[in-house]
2 protein chains.
Amino acid sequence: MFSAVSKSWWANILLYGLSLGLLLAALQFSQYRLLTQGNAEKWYIGLVAALFAAIGIWAGKKLIQKNDPQPAFIVPEFRPKEEVLERLGITPRELEVLEQMALGLSNQEIADKLFVSLNTVKTHSSNVFSKLGAIRRTQAIQRAKEMGLIA
Amino acid sequence: MFSAVSKSWWANILLYGLSLGLLLAALQFSQYRLLTQGNAEKWYIGLVAALFAAIGIWAGKKLIQKNDPQPAFIVPEFRPKEEVLERLGITPRELEVLEQMALGLSNQEIADKLFVSLNTVKTHSSNVFSKLGAIRRTQAIQRAKEMGLIA
DNA sequence: CTTGAAATCACCCGAAAGTGTGAGGGCTGA
DNA sequence: TCAGCCCTCACACTTTCGGGTGATTTCAAG
């Protein structure tokens, strides 16, 4: 995720630099044609200014959009924070139960989905609660979300 | 909310136009001083281009930040989607109960917090469940979140 | 081989959640 | 004034949760 953001960012920087370079080149080229006509300078300067303001707006827009970590449609791929899991001693199975809980499933439904008994799910969820310092499943979900354990 | 956005937007347009005008004026003024020095034009043009690119980026940034409702760090201020609330017929009080539920509070705690009886909270939550098509509070929370009703 | 963590399951019991029904008061628009 | 919505509360009932305790199995590390 971090590398992806950096990559987009550098791509935009390069893109912006490239566009700026190209425009400067075009500018250099047309300079000799226009400057010979005498009083065209003020229009020329104005045009350049407007053009670069426009490209600036465009570039700024692009940069901001990429810097914002909330694209929401590109890659919502979620990864639970391993360090928190280890610190709290939450096992993989317990995390699975926690995830299903957050989806709004009952213990019985989780049991069916994970092919274990209802009692097993209860045990797992009880362990999760104590490890999260929660006394209700809604509380556990809330805490897990703000800790980055579940999406 | 809508009027505020429009206001900010127009303020930015005005600000940008003003800056552009000032720069053009400064440009006009310095033109006669610099152009007399002969080969200063290319540097001059480049400076103008860079300057306007910079101001363009700044303006674009400002405009985007105001237009984009997802800045994430500037204003986390959350607003439930009114159209969804109306479509489902969820009343203000029901939404309040829903929000407290999502924070992991029990019905009794919600009752204490909102200064109503436990039975009242139960009634509200029952109504919320049926309106959201949920049969459990965790499910209701999940649905409400993906519908943008709660944070 | 022993020890321990993880996963599995069972039973009991109290607390919380959720359902259904009924009802009264306040406010508003027809 | 009256229908309709909202908020409020009650009570009985069923279901689900959550805590506590204990047990078995598997598997990997010591």
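Chain naming here is simple, since letters A, B, ... match the order of the sequence lines and numbering starts at 1 in each. We use all heavy atoms of the structure for the numbers below, so side chains are in, but hydrogens, waters and symmetry mates are not.
- Under a hydrophobic clustering in which Ile, Leu, Val, Met, Phe, Trp and Tyr are joined whenever their side-chain heavy atoms come within less than 4.5 Å, directly or via other members, Val116(B) and Leu105(B) fall into the same cluster.
- Distance CG (Asn127(A)) to P (dT21(D)): 14 Å, rounded to an integer number of Å.
- The side-chain heavy atoms of Leu149(B) and Val84(B), taken from C-beta on, include a pair separated by under 4.5 Å.
- Distance, His124(B) NE2 to dC5(D) C1': 13 Å, rounded to whole Å.
- Rounded to an integer number of Å, the gap from CD of Gln139(B) to P of dT16(D) is 13 Å.
- Straight-line distance from the CD1 atom of Ile141(A) to the C1' atom of dA17(C): 14 Å, rounded to whole Å.
- Expressed to the nearest 0.5 Å, how far CG of Asn127(A) lies from NZ of Lys122(A) amounts to 14.0 Å.
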What nitrogen or oxygen pairs link the protein and nucleotides 19-26 of chain C at under 3.5 Å?
unit_1  : atom_1 : unit_2    : atom_2 : d
dT19(C) : OP2    : Ser126(B) : OG     : 3.3

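- Annotation: the span from Leu118(B) atom CG to Thr123(B) atom OG1 amounts to 9.5 Å, rounded to 0.5 Å.
- Taking atom CZ of residue Arg137(B) and atom P of nucleotide dG18(D), one finds them 10 Å apart after rounding to whole Å.
- Taking only side-chain nitrogens and oxygens, Thr120(A) comes nearer than 4.0 Å to OP1 or OP2 of dC9(C).
- Under the 4.5 Å side-chain heavy-atom criterion for grouping Ile, Leu, Val, Met, Phe, Trp and Tyr, Ile141(B) is not connected to Leu98(A) through any hydrophobic cluster.
- Closest approach of Ser125(B) and Met101(B) over heavy atoms only: CB-SD, 4.1 Å.
- Residue pairs that meet the salt bridge (Lys or Arg N to Asp or Glu O under 4.0 Å) test with at least one member in residues 134-143 of chain B, sequence neighbours left out, are Glu109(A)-Arg136(B).
- The closest donor-acceptor contact from the side chain of Gln139(A) to the backbone of Ile135(A) lies under 3.5 Å.
- With rounding to whole Å, Leu118(A) atom CG is found 12 Å from dT15(D) atom C1'.
- In this structure, a donor-acceptor pair under 3.5 Å is present between the side chains of Glu146(A) and Gln142(A).
- Side-chain proximity of Ser117(B) to dT8(C), dA10(D), dG18(C): nearest is dA10(D).
- For residues 81-110 of chain B, proximity to DNA chain D is found at Thr91(B), Pro92(B), Arg93(B), defined as any non-hydrogen atom under 4.0 angstrom from a strand atom.
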